[in-house]
Amino acid sequence: MSSVKAADLGEAARIAEAALTLDAGEAAVLVGHLSRPPAGRRWTALAVDGGVVLASMSDQDPGVGHLDLLAVHPGARGEGRGRTLVRAAEEWLREQGARQARFAGNPPCYAWPGIDVRYTAAACLAESLGYERYHVAWNMTADLSADLSVEDELARLERAGVTVHAAAPGTGGDRERVAAFVEEHWNERWAWEAVTGAGLHYAERDGEILGFAAWGARPAWFGPMGTAPGARGLGLGRVLLRRCLAEQRAAGQDSAQIGWVGPLRFYSRAVGARAERVFWLYRRDLA
């Protein structure tokens with residue numbers, strides 16, 4: 001087995017496509033996504049022959065490091081490459097000042113909330129290396145062939161003085177306004193996702209933003225979304241969600257992952273989404 005070295009991202013993408021069978025269609029995109037994080041983040045990609053690991057550290061949480069992606073080509077398994085890569089990533093994280101390593105998403109730029117339980121070998125590897133399971137997260141799947149119409153609801157909102165808009169692509173303009181709203185009511189991580197998402201929709205009344213929904217900040221997934229406390233009860237969430245999902249359908253998707261879900265009942269009722277992908281989050285203190 002070769003020694004650990006800096007990874008070539010093209011080769012890393014090819015390994016990820018072969019190894020990540022549940023995510024093969026977007027594996028290469030995820031490698032690129034993780035290599036373009038927001039400001040205030042340090043990251044690395046390390047490789048052995050047939051395997052790659054991406055790890056990162058955020059200035060917002062300087063004691064915690066993240067293993068963002070681990071992949072070993074099916075033809076290279078069974079010889080300890082995964083273990084070697086995890087240990088190499090941990091050493092890099094220690095050098096960056098981390099006191100703990102996590103198999104958990106490093107928002108706002110992440111691949112998954114944790115280890116998908118169906119990647120059982122990865123979970124077994126984490127546990128064999130002393131990682132403890134400390135949280136469970138899940139995604140919901142929305143079938144985009146469903147009825148996503150909102151015309152009647154838009155007319156109702158307009159009668160109440162509320163208008164709904166799609167922000168123009170790129171940064172600046174409406175996206176910066178929405179980002180300021182999101183950071184005020186939630187956090188800067190969601191604000192980054194609002195600015196960088198493929199799609200962003202928002203509602204306003206008399207020039208005041210009331211709610212937003214985004215998709216594609218994490219490639220192909222929906223989220224985040226939120227409504228200001230004073231505007232809840234107007235039905236904005238359902239409208240903004242459906243507009244985003246309709247846009248994802250127009251972009252060629254037949255289903256959408258609603259990532260790192262909190263309110264299951266809302267998404268189930270609004271678009272018939274079902275809980276599907278389950279993720280285990282792991283952590284280990286670094287000596």
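Computed from heavy atoms alone, side chains included, the values below leave out hydrogens, waters and symmetry copies.
Between Arg41 and Asp68 no salt bridge is recorded (no basic side-chain N to carboxylate O distance below 4.0 Å). Between Arg87 and Glu90 there is a salt bridge, with a side-chain nitrogen of the basic residue lying less than 4.0 Å from a carboxylate oxygen of the acidic one. Classification of Asp143 and Arg274 as a salt-bridged pair fails, no side-chain N sitting under 4.0 Å from a carboxylate O. One finds a salt bridge joining Glu153 and Arg238 here, because a Lys/Arg side-chain nitrogen approaches an Asp/Glu carboxylate oxygen to under 4.0 Å.
In this model, no donor atom of one side chain and acceptor atom of the other lie less than 3.5 Å apart for Arg249 and Ser145. For the residue pair Ser56 / Asn106, a side-chain donor-acceptor distance below 3.5 Å is found, with atom types taken as modelled. Checked by atom type, the side-chain pair His201/Arg243 shows a donor-acceptor distance below 3.5 Å. Under the 3.5 Å distance criterion, with hydrogens and angles disregarded, no donor-acceptor pair is assigned to the side chains of Thr163 and Glu158. Side-chain contact, Arg94 with Gln96: no donor N or O sits under 3.5 Å from an acceptor N or O.
Between Ala168 and Arg175, the shortest heavy-atom contact is O-NE, 2.8 Å. Nearest heavy-atom pair, Pro37 versus Trp192, reported as atom, atom and distance to 0.1 Å: C-CZ2, 4.4 Å. Scanning both residues, Ile15 and Ala71, for their nearest heavy atoms gives CG2-O, 3.8 Å. Closest approach of Val31 and Leu54 over heavy atoms only: O-CD2, 4.2 Å. Scanning both residues, Leu85 and Val52, for their nearest heavy atoms gives CD1-N, 3.4 Å. Residue Ser255 comes nearest to Thr141 through the heavy atom pair CB-CG2, 4.1 Å, listed as atom of the first residue, atom of the second, then distance.
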Inset, instruction - Evaluate the criterion ring pair (Phe, Tyr, Trp, His ring centres under 6.0 Å) for residue pair Tyr119 and Trp280; output intermediate values, then yes/no. - result: CA-CA 10 Å; Tyr119 286 128; Trp280 287 337; over 10 Å; no
Legend entry - Test side-chain contact (heavy atoms from CB on, under 4.5 Å) applied to Asp116 and Val278, step by step: CA-CA 6 Å; Asp116 187 311; Val278 177; over 6 Å; no
Inset, instruction - Start with the C-alpha gap between Glu208 and Arg205, add the side-chain angles, then the distance that decides, and say whether salt bridge (charged side-chain N to carboxylate O under 4.0 Å, His left out) holds. - result: CA-CA 5 Å; Glu208 178 186 3; Arg205 180 167 53 197; over 6 Å; no
Legend entry - Asp59 and Arg42: CA distance, side-chain angles, deciding distance, side-chain contact (heavy atoms from CB on, under 4.5 Å) verdict: CA-CA 8 Å; Asp59 291 349; Arg42 305 179 302 284; 2.9 Å; yes
Inset, instruction - Would you sort out whether Glu127 and Arg133 count as a salt bridge (charged side-chain N to carboxylate O under 4.0 Å, His left out), showing the intermediate values? - result: CA-CA 8 Å; Glu127 294 184 6; Arg133 192 187 317 162; 3.0 Å; yes
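For the pair Thr84 (side chain) and Gly80 (backbone), a donor-acceptor distance under 3.5 Å is present. A distance-only check finds no donor-acceptor pair linking the side chain of Gln100 to the backbone of Leu286 [under 3.5 Å]. In this structure, Ser58 contributes its side chain and Gln60 its backbone to a donor-acceptor pair below 3.5 Å. One N or O on the side chain of Thr120 and one on the backbone of Val117 form a donor-acceptor pair closer than 3.5 Å.
Geometric assessment of Arg218 against the ring of Trp221 yields a positive cation-pi assignment under the 6.0 Å and 45° thresholds.
More than 12 heavy atoms of other residues, nucleotides or ligands sit less than 6.0 Å from atom CZ of Arg118. No more than 12 heavy atoms of other residues, nucleotides or ligands lie within 6.0 Å of CZ in Arg99, so this atom counts as exposed by the packing criterion. For Trp138, the CH2 atom is loosely surrounded, since the number of other residues' heavy atoms within 6.0 Å does not exceed 12. When the shell of 6.0 Å around CG of Asp147 is examined, it contains more than 12 heavy atoms from other residues, nucleotides or ligands.
Within the 4.5 Å cutoff, side-chain heavy atoms of Gln257 are placed close to those of Arg277. Counting heavy atoms from C-beta on, the side chains of Leu69 and Trp112 come closer than 4.5 Å. The shortest distance between side-chain heavy atoms of Leu144 and Gln248 falls below 4.5 Å. Residues Glu188 and Val182 fail the side-chain proximity criterion, which asks for heavy atoms closer than 4.5 Å. Side chains of Glu204 and Val162 form no contact here, defined as non-hydrogen atoms less than 4.5 Å apart. Between Leu157 and Leu236 there is a side-chain heavy-atom pair separated by less than 4.5 Å.
Here the two rings, on Phe103 and Tyr131, have centers that are under 6.0 Å apart. A distance of 6.0 Å or more separates the ring centres of Trp190 and Phe181. Aromatic rings of Trp260 and Phe222 (six-membered ring for Trp) have centroids beyond the 6.0 Å cut-off, not under it.
Val195 and Tyr202 sit in two unconnected hydrophobic clusters of ILVMFWY residues. Membership requires side-chain heavy atoms under 4.5 Å apart, directly or through other members.
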